[in-house]
Amino acid sequence: MATKLSKSFYTRSDVTLIARELLGKVLCTNIEGILTSGIIVETEAYSQRERASHAYGGKRTPRTETFYNDGGISYVYMCYGIHYLFNVITNWHHTADAVLIRAIEPLEGKEDMLLRRGMNKMTHRIAAGPGSVCKALGIDRSHNGLDLGKDIWIEDRSITYKKSQIIASPRVGVDYAGEDAKLPWRYRVKDSPWVSKAK
DNA sequence: CAGCAGATTGACT
DNA sequence: GTCAATCTGCTGC
C-alpha cells in the first residue's frame, strides 16, 4: 500500500517530529521519464530558530525565498559548487523550517541510479550523503521550489521503525553555527548500511 | 563589483 | 588523514 504524503503532513509545526517520521518513508522521483525511489534512512532538521539554517532568524534573501512557502515543496540548492542538496520545506509560509534528506536505501530504478552515479555495481554508498542522494535520484537546481507530487514526491508504504531503532545525533558540517551545532537534530536508522558515514 | 565561505565528496599522500 | 574541486549568493567596499 503506497500513499503519497498529504500536504498536512508537512505543514505541521514540529520540524524535528517530521524529520523523525520521514524515516521509513519512500522518496520517489520521476525525472526525464525515469522512475527511481528509495527508503529514507537519514534526515536532518533545520529551523529558522537556529543558526545552522540559511533562513536563521527569518532572514530573507533570494536564496531563502523558497523557505517562505507552505510546507510540502522542495528546496534544492548547490553546495561547494559541486553538489545538490535536497530538502523538504515544512511548517506554514511564515516559518522557515526544512528537513534535509541525507541518505536513502534504493528500491526502484537501481540501474539508473548506478548510471547517474557513474558506478558499475551497487554499494551501500550509492545514496549515502545528501549530495549522493540528489545525484542518484537525478535531482538538480531546476527542481527547486516545486510542489511535492509530480516530479518528486514522498510515499508512505507502511514501513516504520521503532523508537529504539532511531538514533539522534548532532549534525555534521555545521560547526559555524556555534552552540546550535550541538543540537541532536540528525536522525538515522540504527544498523542501516545505507546511511552516510557517522563522524 | 570583487572577495569569500559553504548543510560535501572522492581522490590522493 | 588531508585537500582540491567549483559555483552561487551574500557581504562589504
Side-chain angles (χ1 to χ4, degrees), chain A residues 10 15-16 18-20 22-23 27 38 40-69 71 73-91 95-106 113-146 148 152 154 167-189 192-199:
Chain A
Y10 304 104
V15 64
T16 64
I18 296 173
R20 273 171 281 157
L22 280 175
L23 296 175
L27 176 62
I40 298 169
V41 291
E42 186 174 346
T43 62
E44 278 182 12
Y46 284 88
S47 154
Q48 69 171 37
R49 291 188 301 279
E50 42 89 21
R51 284 189 289 279
S53 171
H54 293 157
Y56 170 58
K59 182 167 66 172
R60 294 187 85 116
T61 65
R63 183 168 68 164
T64 61
E65 275 306 303
T66 308
F67 279 92
Y68 299 93
N69 287 289
I73 69 166
S74 60
Y75 170 53
V76 182
Y77 93 102
M78 170 155 277
C79 186
Y80 298 101
I82 308 176
H83 305 290
Y84 296 109
L85 276 68
F86 173 72
N87 299 247
V88 179
I89 298 295
T90 68
N91 220 316
T95 316
D97 291 348
V99 176
L100 169 69
I101 308 298
R102 290 190 58 87
I104 63 167
E105 173 180 340
M113 292 192 201
L114 288 173
L115 217 59
R116 284 168 176 155
R117 295 272 285 132
M119 303 169 82
N120 37 32
K121 71 180 172 86
M122 185 55 73
T123 75
H124 60 90
R125 300 171 45 99
I126 185 72
S132 305
V133 170
C134 287
K135 203 166 182 187
L137 294 179
I139 297 170
D140 65 40
R141 260 179 74 76
S142 69
H143 303 102
N144 184 37
L146 297 182
L148 296 181
I152 304 172
I154 299 176
I167 298 173
S169 58
R171 293 163 297 178
V172 297
V174 293
D175 292 340
Y176 59 87
E179 283 298 306
D180 289 332
K182 295 176 184 155
L183 291 171
W185 283 8
R186 178 188 187 198
Y187 304 101
R188 62 200 156 88
V189 177
S192 170
W194 303 100
V195 302
S196 62
K197 199 172 104 189
K199 232 182 194 172

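The sequence lines fix the lettering, A, B, ..., with proteins before strands; numbering per chain opens at 1.
Here the closest heavy-atom approach between residue A:Ala103 and residue A:Ala128 is recorded as CB-CA, 4.1 Å. Across all their heavy atoms, A:Ile126 and A:Leu114 have their closest contact at CD1-CD2, 3.7 Å.
The CD1 atom of A:Ile89 sits 13 Å away from the C1' atom of B:dA7 (whole-angstrom rounding). Rounded to whole Å, the distance from CG on A:Leu100 to P on B:dG6 is 17 Å.
Ion pair A:Arg188/A:Glu42 not flagged as a salt bridge, since none of the NZ, NE, NH1 or NH2 atoms sits closer than 4.0 Å to an Asp/Glu carboxylate oxygen.
Using a distance-only test at 3.5 Å, with no hydrogens or angles considered, no donor-acceptor pair links the side chain of A:Asn144 to the main chain of A:Arg141. A donor-acceptor pair is defined here as one N or O able to donate and one able to accept, closer than 3.5 Å; such a pair exists between the side chain of A:Arg51 and the backbone of A:Ala177. Between the side chain of A:Ser169 and the backbone N or O of A:Pro184, no donor-acceptor pair lies under 3.5 Å. Under a 3.5 Å cut-off, the side chain of A:Arg102 and the backbone N or O of A:Gly129 do not form any donor-acceptor pair.
Scanning DNA chain C 5' to 3' for nucleotides with an atom closer than 4.0 angstrom to a non-hydrogen atom of chain A gives a first and last hit of C:dA5 to C:dT11.
For the residue pair A:Ser142 / A:Asp140, a side-chain donor-acceptor distance below 3.5 Å is found, with atom types taken as modelled.
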Pair pattern of DNA chain C in dot-bracket, where unpaired bases get dots and | marks partners in another strand, Watson-Crick or G-U under 3.5 angstrom:
|||||.||||||.

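Under a cut-off of 6.0 angstrom, the local environment of CZ in A:Arg125 is sparse, with at most 12 non-hydrogen atoms contributed by other residues, nucleotides or ligands.
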What do the steps show when you test A:Thr95 against A:Arg49 for side chain to side chain donor-acceptor pair (under 3.5 Å), and what is the final call?
CA-CA 9 Å; A:Thr95 316; A:Arg49 291 188 301 279; over 6 Å; no

Step by step, would you call A:Val133 with A:Tyr84 a side chain to side chain contact (heavy atoms under 4.5 Å, CB included)?
CA-CA 9 Å; A:Val133 170; A:Tyr84 296 109; over 6 Å; no

Reading nucleotides 8-13 of chain B 5' to 3', which nucleotides get B (base under 4.0 Å from a protein heavy atom), which S (sugar-phosphate only), which -?
BSS---

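Listed by chain and number, the residues in a side chain to side chain donor-acceptor pair (under 3.5 Å) with A:Thr64 are A:Thr61 (sequence neighbours excluded).
Against DNA chain B, the stretch residues 48-68 of chain A makes heavy-atom approaches under 4.0 Å through A:Ala52, A:His54, A:Phe67.
Among pairs with a residue in residues 42-67 of chain A, those fulfilling ring pair (Phe, Tyr, Trp, His ring centres under 6.0 Å) read A:His54-A:Tyr77, A:Phe67-A:Tyr75, at least two apart in sequence or across chains.
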